[in-house]
K.L.:
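Could you have a look at this structure, given as structure tokens, before my questions?
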2 protein chains.
Amino acid sequence: MKQQGKKILIVDDEASIREMIAVALEMAGYECLEASNTQDAHSIIVDESPEMVLLDWMLPGTSGLEFARRLKRDDRTAETPIIMLTAKGEEDNKILGLEAGADDYITKPFSPRELVARLKAVLRRSTPAGIEDPITVEGLILDPVCHRVSANNAPLDIGPTEYRLLQFFMTHQERAYSRTQLLDQVWGGNVYVEERTVDVHIRRLRKALGSHHEHLIQTVRGTGYRFSTKAS
Amino acid sequence: MKQQGKKILIVDDEASIREMIAVALEMAGYECLEASNTQDAHSIIVDESPEMVLLDWMLPGTSGLEFARRLKRDDRTAETPIIMLTAKGEEDNKILGLEAGADDYITKPFSPRELVARLKAVLRRSTPAGIEDPITVEGLILDPVCHRVSANNAPLDIGPTEYRLLQFFMTHQERAYSRTQLLDQVWGGNVYVEERTVDVHIRRLRKALGSHHEHLIQTVRGTGYRFSTKAS
DNA sequence: CGTAAGTATGACAGATATGTGACATCTGCT
DNA sequence: AGCAGATGTCACATATCTGTCATACTTACG
């Protein structure tokens with residue numbers, strides 16, 4: 001059986017651009033869906049469940065930015081990765097795009113190769129195979145489904161970033177990671193943030209874990225941090 | 001010990017711009033090299049092997065684009081990452097730049113922070129860390145992945161320099177090294193440090209290893225030290 | 001033996017790395 | 001507009017590491 005290409009939805013109001021992208025993706029083995037406005041896009045996403053949405057920044061009516069936010073708020077569509085397409089000069093908005101829930105952004109004009117490369121990268125990151133089971137370490141439970149953390153049956157008050165950080169650590173125990181690696185893995189590759197920011201979030205995470213579990217987050221001096229059940 | 005800054009070559013025909021960039025990078029801990037034309041740039045790249053080239057798009061004589069292509073064709077220089085500096089309005093050429101082999105591009109004017117951030121991102125991508133396996137000797141385990149040393153399953157408290165020293169010894173067993181060689185290998189070639197300093201760190205390492213394993217570090221009188229399982 | 005060169009060791013002050021609290025900004029919500 | 005939660009940065013406090021000395025040992029050798 002021929003491998004079923006993954007479905008990619010292209011949302012752009014210019015038909016020529018949609019077509020160009022569609023051709024590039026189809027050559028790379030993907031199946032393309034197209035929408036010229038957010039209404040169509042929304043119903044396609046709900047009906048067809050594409051693996052990914054390529055979303056133009058500028059759209060008539062609801063802007064791409066706003067649409068992305070909306071998608072992330074809706075449970076039915078929140079899991080679908082989004083790559084924002086921004087035109088030149090709008091680049092400063094990339095941060096907005098990422099914070100709105102986009103998983104990556106790409107600036108027009110772009111080469112087909114670049115598009116496909118990023119698309120693959122995002123798909124790779126966001127294909128959660130079996131990451132659905134809760135992880136437990138010394139009474140500390142992280143439940144990816146409920147998106148909650150609890151210690152000894154008591155829910156923990158933990159922020160989004162701390163949650164992702166903890167999830168990363170709990171799924172990559174024992175190994176030491178540099179601040180840079182953590183930024184790549186937890187914050188996402190294309191976010192430019194000071195390395196020391198990691199320290200602050202480590203601190204917040206430790207605080208949230210409380211004296212009972214903070215020892216799990218170990219400092220590896222001169223290198224970074226590590227999640228380990230063994231004493232350091 | 002201050003980390004040795006990575007060398008960055010700045011290629012731009014305007015001295016003022018080079019200077020501005022150099023200041024920004026040096027504040028971020030990089031060492032800067034400068035060239036105003038592609039000829040100088042080429043010899044610097046070959047001679048100094050900088051970790052990265054910041055290449056202006058517009059250059060007298062050979063254009064930055066052409067130069068980038070040339071670098072990628074030469075085995076000696078093909079591995080060096082390139083960030084293209086393009087002026088506003090030249091952005092449409094981004095595709096050409098990327099296809100010519102540039103690893104990223106940045107549009108002037110840009111903030112120092114943005115430059116440093118992208119530079120780090122590119123360096124990160126292009127410096128893949130090798131995977132290493134743990135080394136075990138008589139119950140002494142050094143695990144590069146966890147960045148941890150343990151003796152008989154008990155973690156050892158060991159400082160960064162001692163760690164590097166031990167790692168070097170465990171990957172180069174049975175052979176005697178002079179203090180100078182150790183300084184080169186463990187401290188990194190171009191540091192100005194007393195030879196006696198090696199003695200002190202050897203001492204610290206032995207202490208950390210404890211009576212159980214300190215015999216592995218042997219003194220070779222008149223020469224230096226050796227890591228060996230055999231008695232001396 | 002005695003001496004000189006080679007090493008080991010403990011102490012230190014300066015240099016680095018990390019921990020922490022505070023703050024300005026931004027977003028989403030009311 | 002106003003509030004509450006999150007985030008990224010700073011500046012300052014701590015903690016830990018590093019390179020050098022001065023001094024005590026060891027060893028080789030006349």
Side-chain angles (χ1 to χ4, degrees), chain A residues 65-66 68-70 72-74 92-102 156-166 176-180 182-183 186-188 191-209 211 214-215 217-226 232, chain B residues 1-5 28-29 111-114 116-117 147 157-166 176-180 182-183 186-188 191-209 211 214-215 217-226 232:
Chain A
L65 177 64
E66 186 48 41
R69 273 207 198 94
R70 189 134 49 86
K72 287 301 171 184
R73 270 204 297 265
D74 186 333
D92 292 336
N93 298 323
K94 66 196 174 193
I95 298 168
L96 290 176
L98 290 175
E99 289 185 346
L156 245 49
D157 182 30
I158 196 172
T161 304
E162 283 70 59
Y163 177 87
R164 280 187 319 230
L165 189 54
L166 181 59
Y177 292 92
S178 70
R179 292 164 225 284
T180 303
L182 290 172
L183 283 177
V186 178
W187 273 253
V191 172
Y192 309 128
V193 165
E194 290 290 323
E195 288 203 346
R196 291 293 259 104
T197 298
V198 174
D199 295 39
V200 178
H201 283 277
I202 288 281
R203 149 85 173 140
R204 288 170 180 159
L205 178 53
R206 280 174 170 157
K207 202 178 206 172
L209 290 182
S211 57
E214 65 179 354
H215 68 276
I217 312 284
Q218 302 170 353
T219 302
V220 184
R221 182 162 250 268
T223 300
Y225 298 93
R226 171 179 51 209
S232 63
Chain B
M1 183 186 64
K2 183 185 169 188
Q3 195 199 333
Q4 173 68 22
S111 71
R113 173 178 292 176
E114 183 178 7
V116 172
H147 206 275
D157 183 31
I158 197 172
T161 303
E162 283 71 60
Y163 178 89
R164 288 197 310 270
L165 189 54
L166 180 59
Y177 292 92
S178 71
R179 293 164 179 45
T180 305
L182 289 173
L183 282 176
V186 178
W187 273 252
V191 284
Y192 163 66
V193 168
E194 289 289 323
E195 286 204 347
R196 289 263 144 253
T197 298
V198 175
D199 296 37
V200 178
H201 282 278
I202 287 283
R203 149 77 175 147
R204 287 170 180 159
L205 177 54
R206 281 174 170 158
K207 201 180 207 170
L209 290 182
S211 57
E214 65 178 355
H215 68 276
I217 312 284
Q218 302 168 355
T219 302
V220 183
R221 192 180 175 82
T223 302
Y225 299 92
R226 172 180 51 207
S232 61

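Each chain gets a letter, A, B and so on, in the order the sequences are listed, and its residues count up from 1. Just so it is clear, the model here is predicted, and its values are computed rather than measured.
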K.L.:
Using a heavy-atom cut-off of under 4.0 Å over every strand shown, decide if A/Glu162 touches base, sugar-phosphate, or nothing.
P.N.:
sugar-phosphate
K.L.:
Working to the nearest 0.5 Å, report the span between CZ of B/Arg204 and CG of B/Leu209.
P.N.:
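Taking CZ in B/Arg204 and CG in B/Leu209, the distance rounds to 14.5 Å.
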K.L.:
Could you tell me the separation between the CG atom of B/Leu205 and the CD atom of B/Glu214, rounded to the nearest 0.5 Å?
P.N.:
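That separation rounds to 10.0 Å.
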K.L.:
Between atom CZ in A/Arg206 and atom P in C/dT18, what is the gap in whole Å?
P.N.:
11 Å
K.L.:
To the nearest Å, give me how far apart OH (A/Tyr163) and C1' (D/dG5) are.
P.N.:
18 Å
K.L.:
Restricting both atoms to N or O, compile the protein contacts to nucleotides 8-13 of chain D shorter than 3.5 Å, with distance only.
P.N.:
unit_1: D/dG8; atom_1: OP1; unit_2: A/Trp187; atom_2: NE1; d: 3.2
unit_1: D/dG8; atom_1: OP2; unit_2: A/Trp187; atom_2: NE1; d: 3.3
unit_1: D/dG8; atom_1: OP2; unit_2: A/His201; atom_2: NE2; d: 2.7
unit_1: D/dG8; atom_1: N7; unit_2: A/Arg204; atom_2: NH1; d: 3.4
unit_1: D/dG8; atom_1: O6; unit_2: A/Arg204; atom_2: NH2; d: 2.6
unit_1: D/dT9; atom_1: OP2; unit_2: A/Glu194; atom_2: N; d: 2.9
unit_1: D/dT9; atom_1: OP2; unit_2: A/Thr197; atom_2: OG1; d: 2.7
unit_1: D/dC10; atom_1: OP1; unit_2: B/Arg113; atom_2: NH2; d: 3.3

K.L.:
Let's go through A/Val200 and A/Glu194 carefully: what are the C-alpha distance in whole Å and the side-chain angles of both, what is the deciding distance for side-chain contact (heavy atoms from CB on, under 4.5 Å) to 0.1 Å, and is it a yes or a no?
P.N.:
CA-CA 11 Å; A/Val200 178; A/Glu194 290 290 323; over 6 Å; no
K.L.:
In Å and rounded to the nearest 0.5 Å, what is the CZ to CZ distance from B/Arg196 to B/Arg179?
P.N.:
5.0 Å
K.L.:
Between P on C/dG19 and CD1 on A/Ile217, what's the gap in Å once rounded to a whole number?
P.N.:
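From A/Ile217 CD1 to C/dG19 P: 11 Å.
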K.L.:
Please report, rounded to the nearest Å, how far the P atom of D/dT18 is from the CZ atom of A/Arg221.
P.N.:
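Interatomic distance, CZ of A/Arg221 to P of D/dT18: 8 Å.
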K.L.:
Look only at the side chain of A/Arg226 and the backbone of A/Gln218, and say whether a donor-acceptor pair between them is shorter than 3.5 Å.
P.N.:
no
K.L.:
Take the protein atom NZ of A/Lys207 and the nucleotide atom C1' of C/dA22, then report the distance between them rounded to whole Å.
P.N.:
11 Å
K.L.:
When you compare the side chain of B/Thr161 with that of B/Trp187, does any pair of heavy atoms fall below 4.5 Å?
P.N.:
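Of all side-chain heavy-atom pairs linking B/Thr161 with B/Trp187, at least one is under 4.5 Å.
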K.L.:
Are any of A/Tyr225's side-chain N or O atoms less than 4.0 Å away from OP1 or OP2 of C/dG19?
P.N.:
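For C/dG19, OP1/OP2 do have a side-chain N/O of A/Tyr225 under 4.0 Å.
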K.L.:
So, OP1 or OP2 of C/dA8: does either fall under 4.0 Å of a side-chain N or O from B/Thr219?
P.N.:
yes
K.L.:
Looking across every strand, which nucleic acid part, if any, lies under 4.0 Å from B/Val220 by heavy atom: base, sugar-phosphate, or nothing?
P.N.:
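The residue B/Val220 makes sugar-phosphate contact but no base contact.
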K.L.:
Can you measure A/Ile202 atom CD1 to D/dA6 atom C1' for me and round it to whole angstrom units?
P.N.:
17 Å
K.L.:
Without decimals, in angstroms, what is the distance between A/Leu165 CG and D/dA6 P?
P.N.:
15 Å
K.L.:
Within the pair A/Arg179 and C/dT18, is there a side-chain N or O less than 4.0 Å away from OP1 or OP2?
P.N.:
yes
K.L.:
Roughly, in whole Å, what's the span from CG in B/Leu205 to C1' in D/dC17?
P.N.:
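Rounded to the whole Å, the gap is 15 Å.
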K.L.:
Looking at residues at least two apart in the chain, or sitting in another chain, which of them share a ring pair (Phe, Tyr, Trp, His ring centres under 6.0 Å) with A/Tyr225?
P.N.:
none
